[in-house]
Structures are given as C-alpha cells and as structure tokens.
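Working notes for the structure below.
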Number of protein chains: 2
Amino acid sequence: MTGQVRTVDGRVAGRRGQATRQKLLDCLSEMLSSSPYRDVKVIDVARRAGTSPATFYQYFPDVEGAVLEIAETMAKEGAGLTELVAGRSWVGKAGRQTAEDLVEGFLTFWRKNDAILRVVDLGAAEGDKRFYKIRMKILNSVNNSLADAIKDLQSRGKVDKDTNAAAVAGSLVAMLASVAGHQKGFQSWGVKQSELKPSLALLVHLGVTGKKPAK
Amino acid sequence: MTGQVRTVDGRVAGRRGQATRQKLLDCLSEMLSSSPYRDVKVIDVARRAGTSPATFYQYFPDVEGAVLEIAETMAKEGAGLTELVAGRSWVGKAGRQTAEDLVEGFLTFWRKNDAILRVVDLGAAEGDKRFYKIRMKILNSVNNSLADAIKDLQSRGKVDKDTNAAAVAGSLVAMLASVAGHQKGFQSWGVKQSELKPSLALLVHLGVTGKKPAK
DNA sequence: ACTTGTCCTGTCATGCCGTCAGCTTACCGA
DNA sequence: TCGGTAAGCTGACGGCATGACAGGACAAGT
C-alpha cells in the first residue's frame, strides 16, 4: 500500500538509505522542539545528523516536505485517540470518567507531539490543504466519535434535537487542541495543570450531555 | 510615554521616515496574509513597499521585530473586546444574548486580524515571551471579564463553588480563539458559519452558568 | 577481481541576509 | 540666500543557505 520509500530522484532506498532518512527526520524533530520553525535550516538538520545538506535534498524536497512526513507518522498514531470516546458511556459516573479520560489522553498526546503539532496547526491555519488534512485526520477521530455520542443522546431524547452535533463536537475538540497547545501558557496565567483538567472535563461533559457530571 | 519613534541606529524619525516605516508595516501585513510566515522575506516586503532592504533594517531589527510592532497595535485594539462581557448579565434571555454577542465579536475580530494572530499564536506556542505577552493582552481582557462573571455567579450561589473560574474562563477563551483561527477549516468539515455560532454561544453559556440558555 | 546499483558529498550558481559608507533630501538659523 | 546639520535612502559587499549535479565510496552479488 505505502509502496517503497523512494528518493527525490526516483531511486528506491535500501537499508542504509532508510536509516539515514530516518535519522534526518529524527534530527528535524529535535530541531523543531528547540528552535522556532522559521529558523530551522536544512544545513543545521544535516549537520546534526552528521551528514550534508545534499543528502537531505536526496530524500526530501524541502523542510516542509520532511515536516509533512513526520506529521503523517504522528497522525497515524493519533488516530488511536478514537478509543478515548468510541463506545463509552456518557451517563452518570461513567460519563464523568469518559470526559476525564478524554481530556487526559488528549493533553498527553499533545504534550508528546507539541513541536510538530504547532507546525501542523500553523500550516492548516495558513490554508495549506496538506497540513489541514493531517490535522483533520487527528481531530476527526475524536470529533466523529464525539458527534456520534451526541447524536446518540439526541435520539434517546436526552439532548435537545436542535443542537448541531458536529458543530459542538468540533468546538470542543478545538478547545482541547488549543488548550493543549498552550499548556505552558496557562501556568503563567496562574492556572495549574491539576486545576485545568477538571475544568476541561467539566466543559466537555457539559457540551456533550448538556448537564453537569455526577459526583 | 511612548517616546518618539526611533530608527535602529538611534535617529528620531521625522514625517517622511514614519510614513516609510508605516508603509513597510502595511506591506508586511499584506504579505503575511498571502504567503506562509516562513516564506516572508525582507527583500519582498521592501520591494512591495517600493524601497530597499537596507531601509527595512533601518526601522526594524528583523522580520520578527516588525511583526511584533504590528501585533502590538492590534493588541491595543483587541483590548476593547472586554466590553463584550464586562458588566453584562448572564441570566435569562439577556444571558443568551451576552453569549451570542461575545461569540460574534470574537469571531469578527479574529477574522479581521487572522494573519497576524496566526503568527502571534505560533510565537506564543513556541514559548516566545514577547508574543505570549501580546496574546495574553488580547485574551486577558475577555478572560478576566469572564472569570469575574463566573465568580459573581458563584458568590450568589448560582454556580458550584468548586469550579475554578479562571480555568473555565481560560478554556472557553481558548476555544473561541482556536475556532476563530480555523473558521475556514470548519467549513470543509461540513459545518457552516451560521451553525457554528449558536453552538459556540451554547458552550460559552453552559460553561459560565452551568445551564442551557433560555429560549 | 569485477560489475552493479545504492549512497553520500564536493562544488557551484543563485539568491537572501544584514551591515556600512556615502549620497541625496529636507529643515533651519544666520 | 546660503551653508550646516540631521534625516532618509541605497549600492555594494561578505557571508550563508539553497538546491542541482556529477562523480567517488561503498556494499553485495557473481
């Protein structure tokens, strides 16, 4: 399905080539964590990987191309976030737990991949469809599950029929993503991590069910 | 208080100089709207402004410095967002209206300044304190007002005492900011603007009061 | 040892960065 | 009217990143 890994000029990459390629991706990841995206240069990535800029260009058209590669990998991993919501109950104590687990899982995933997610977010906001698609892939997994949960509650008469499930789910997911992306920011806002999570869980529960969670 | 406008090498800028400086800022703004931040080059901004790169460096240390200038101006304007919340009622029909006005005002402001806000968001997420401060300045105006509203409702026994006002307010504001920044994205998600606003207003109202808004 | 195909790098033309010296323009007091 | 002074702008330059290419190094099979 994925086909073989190929160089820019069409050759198939062998064992050694793939290792080099991967090392370049790893080093790029590190650089994204430690310096602004705007300042990440091919030459720095290559130096850090113990190779030359020319080698970089053998495997990637440019920095953006390599970033997309990293993002794609992360998106696959992120699709697993669905399980935080799919098939779980939103009623009573279990509902409270579902909300809390969703928040916890989301924040953890974001913290682990914050550098690359920042760039994806920027690319999407700038209107780049490739980045937008990746962002979708990650958020959709949660978004669809949330929307389904709301629709389910609607069909059972537990939530107003006139609320737009997709819009509410999308807004909640956006909230989670944004807060996750500025976790450090909240701290200097005087809000601690430990206080943040319950509040997010409360808002998620409120948004999905329209009611406060059970104690 | 602000002192005179000065060039990088310390000269005070006169009428003509200030005009040139402003033109450079305007052109930079346009470039940010039309091309990725990463690809905005000093030479392009200078060309568009009908001047030379050397002139740019006379007024700004680098692209980032000029961006901060634009952002600062926008932040002053954005501080007016406080009025969307301050001193307004969250009870009954008026409460519904307050939530709707807040959403509307927020989205409008964001749409008008989306290009620069993207960059500010990125800078803040990357940990740059200067950008973070500007983001704070804008969001704080709304955030503090919201937090005060929640605290007020708490003191009157209308909201649970154990919810953290600052955390909830911050999360709601983050949601608004994030959704506003990806307004175009929501459209291809199958959610129309007209459906988005009521959902956001619902969530804001739920978050602040804990109850669904009155019809 | 020889061949084949993968893998890496030295080198080069191009273009942007950021600085400086020096030229032009505007203002002002004598 | 006429310098004098400071503001305003730019050509030019060394430095560095980019991206392309050709050719050398290397591993594996015969």
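Naming convention: chains lettered A, B, ... in sequence-line order (proteins, then strands); numbering from 1 in each chain. These figures come from a predicted structure and were not determined experimentally.
- With respect to the salt-bridge test (charged N to carboxylate O, under 4.0 angstrom), the residues A:Asp121 and B:Arg118 do not qualify.
- Both B:Pro53 and A:Pro53 sit near DNA chain C, but only A:Pro53 has its closest nucleotide nearer the 5' end.
- In this structure, the nucleotide among C:dC8, D:dA17, D:dT10 sitting nearest to the side chain of A:Ile43 is D:dA17.
- Distances shorter than 4.0 Å separate none of the side-chain N or O atoms of B:Ser52 from OP1 or OP2 on D:dC9.
- At the heavy-atom level, B:Tyr59 lies under 4.0 Å from the strands shown only through sugar-phosphate atoms.
- Between the P atom of D:dG14 and the OH atom of B:Tyr57 lies a distance of 18 Å, rounded to the nearest Å.
- In this structure, the NZ atom of A:Lys41 is 6 Å from the P atom of D:dT18, given to the nearest Å.
- Residues B:Glu77 and B:Lys112 are paired through a salt bridge, judged by an N-O separation under 4.0 Å between the basic side chain and the carboxylate.
- Contact between the side-chain N/O atoms of B:Arg15 and the OP1/OP2 oxygens of C:dC27 is found at a separation under 4.0 Å.
- Atom P of nucleotide D:dG11 and atom CZ of B:Arg47 are separated by 13 Å, given to the nearest angstrom.
- Ion pairing between B:Asp9 and B:Arg11 holds under the 4.0 Å rule for side-chain N and carboxylate O.
- The phosphate of C:dT9 (OP1 or OP2) has a side-chain N or O of A:Thr51 nearer than 4.0 angstrom.
- Whole-Å rounding puts the A:Asp39 CG to D:dC16 P distance at 16 Å.
- At least one side-chain nitrogen or oxygen of A:Thr20 sits closer than 4.0 Å to the OP1 or OP2 atom of C:dC8.
- Classified by interplanar angle (parallel below 30°, tilted 30° to 60°, perpendicular above 60°), the ring pair B:Phe106/B:Trp110 is parallel.
- Nearest to the side-chain atoms of B:Gln58 among the listed nucleotides C:dC8, C:dC16, D:dC9 stands D:dC9.
- Regarding contacts with the backbone of C:dT6, every side-chain N or O of A:Thr7 stays at 4.0 angstrom or more from both OP1 and OP2.
- Nucleotide C:dA26 holds its P atom 17 Å from the CD atom of B:Gln18, rounded to whole Å.
- Residue-environment remark: NZ (B:Lys23) stays at or below the threshold of 12 foreign heavy atoms within 6.0 Å.
- Side-chain proximity of A:Ala54 to the nucleotides D:dC21, D:dT18, C:dC16 is greatest for D:dC21.
- Between B:Glu100 and B:Lys197, none of the side-chain N atoms (NZ, or NE/NH1/NH2) sits under 4.0 Å from a carboxylate O, so this pair counts as no salt bridge.
- Heavy atoms of B:Arg16 sit under 4.0 angstrom from primed sugar atoms or phosphate atoms, though from no base atom.
- Between the C1' atom of C:dT9 and the CG atom of A:Leu24 lies a distance of 13 Å, rounded to the nearest Å.
- DNA chain C is contacted by both B:Pro61 and B:Asp44; B:Asp44 maps to the nucleotide lying nearer its 5′ end (nearest heavy atom per residue).
- Taking side-chain N and O atoms only, A:Thr55 has no distance below 4.0 Å to OP1 or OP2 of C:dC8.
- We find that CD of A:Glu64 is positioned 11 Å from P of D:dG19, with the value rounded to whole Å.
- The distance from atom NZ of A:Lys23 to atom P of C:dC7 is 16 Å, rounded to the nearest whole Å.
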